[in-house]
Amino acid sequence: MLPNTLFMGQQLLFIQSCASTNTEAQQLLIKNEATEGCTVVTHCQTQGRGQRGNSWEAAPGQNITLSVILSPTFLAVRQQFYLNMAVSLAVLDLLREQGLEQAQVKWPNDLFFEDKKLGGILIENTINSLSLQHSIVGIGLNVNQLRFGTSTASSLACALGYTLDLEKLTVRLLELLEKRYLQLRNGHLARLKYEYLQGLYRYQEKHLFRIGQQEVQGQIMGVDEAGRLAVEIENELRYFDFKEIAHVL
Ligand SMILES: Nc1ncnc2c1ncn2[C@@H]1O[C@H](COP(=O)(O)OP(=O)(O)OP(=O)(O)O)[C@@H](O)[C@H]1O
Ligand SMILES: O=C(O)CCCC[C@@H]1SC[C@@H]2NC(=O)N[C@@H]21
């Protein structure tokens, strides 16, 4: 089954089992065998990689684990977080379309529903001096798996109470990803950022954050182009990189 798209997922490679679809996609890029939108899908990822060096858990045959190769050469290096926002929104669109209206994105790009993580995104960019050259967009979405090693993980099936058709869902994700990517390519950056913030977990709410060893109360006020989180703490607006701040859940 191919998605109804111009290019996203039109070159679709299904691999029964692999260490990581991001690594497989990297190999395709090196061998010059990929056109834009080329997608690597597997049912069994044995060494899935997450952000911050975490590993990604996915029981065989039950989840979406895929990587898409893109060439966002129209984005300046300093604008690269817009790609994260576009991809996060595509996965959020899918979750909401499936009935999880309250799903949100936990900064920078975790998919959250009722305080549990349903999915994650790992984007690996190759850059030249000024712009992005290639991006490998890895998406892991917990679909039919019911039990996880991490207490904070959940799946669509857990949330909805029924099993979903993995292939149909994958095809739909690629369609939604193309829509959001075209929005990005057509320069609708402000729109993307607005929608990302509207879908952001705990946006403009007072909550506890962990900064180093300390727990402080703060309020997310936005993100900057570099993807840093803007948090108001004691009447001061401070900016944080990925590893510098975490939500206290
Ligand atoms: N399929 C999965 N679904 C949800 N979480 C998963 C899955 N596989 C692995 N995890 C793990 O869940 C943990 C939580 O992920 P997360 O990216 O939020 O890490 P973290 O370092 O705890 O981040 P933070 O403290 O900023 O929220 C990580 O250890 C991640 O590796
Ligand atoms: O939230 C995270 O930490 C990101 C998880 C990303 C997991 C996906 S699964 C498909 C692709 N291949 C990988 O090794 N990682 C990404």
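Note that ligands are numbered from 1 as they come in the structure, with each ligand's atoms numbered from 1 the same way.
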Quiz item: Among Gln45, Lys117, Arg49, Lys106, which residue places a heavy atom closest to atom 7 (C) of ligand 2?
Solution: Arg49
Quiz item: So, Asp241 and Arg228, do they make that salt bridge, N to O below 4.0 Å?
Solution: no
Exercise. Return the set of residues passing ring pair (Phe, Tyr, Trp, His ring centres under 6.0 Å) with Phe209 (not counting sequence neighbours), or none when no residue passes.
Key: His247
Quiz prompt | Atoms in ligand 2 with a heavy atom of Asp110 nearer than 4.0 Å | solution = 1 (O)
Practice problem: Just go through Ser20, Ala58, Gly50 and tell me whose heavy atom is the nearest to atom 13 (C) of ligand 2. | Solution: Ser20
Quiz prompt | Check: Gln47 N/O within less than 3.5 Å of ligand 2 N/O | solution = no
Exercise. Say whether Thr65, considering both its backbone and side-chain N or O atoms, lies within less than 3.5 Å of an N or O atom on ligand 2.
Key: no
Quiz prompt | Any Asn54 heavy atom less than 4.0 Å from ligand 2 | solution = no
Quiz item: Are Glu175 and Arg172 within salt-bridge range, i.e. N to O under 4.0 Å?
Solution: yes
Practice problem: Give yes or no for whether the N/O distance cutoff of 3.5 Å, strictly under, is met between Trp56 and ligand 2. | Solution: no
Exercise. List, by chain and number, the other hydrophobic cluster members for Leu237, where Ile, Leu, Val, Met, Phe, Trp and Tyr join if side-chain heavy atoms come within less than 4.5 Å, directly or indirectly.
Key: Met221, Tyr239
Quiz item: What atoms of ligand 2 come closer than 4.0 angstrom to any heavy atom of Leu66?
Solution: 10 (C), 11 (C)
Quiz prompt | Exceeds 12 heavy-atom contacts within 6.0 angstrom, atom CG of Asp224 | solution = yes
Practice problem: Look at the rings of Tyr201 and Phe112 and say which category their plane angle falls in: under 30° parallel, 30 to 60° tilted, over 60° perpendicular. | Solution: tilted
Quiz item: By number and element, which atoms of ligand 2 are closer than 4.0 Å to a non-hydrogen atom of Gly48?
Solution: 14 (O)
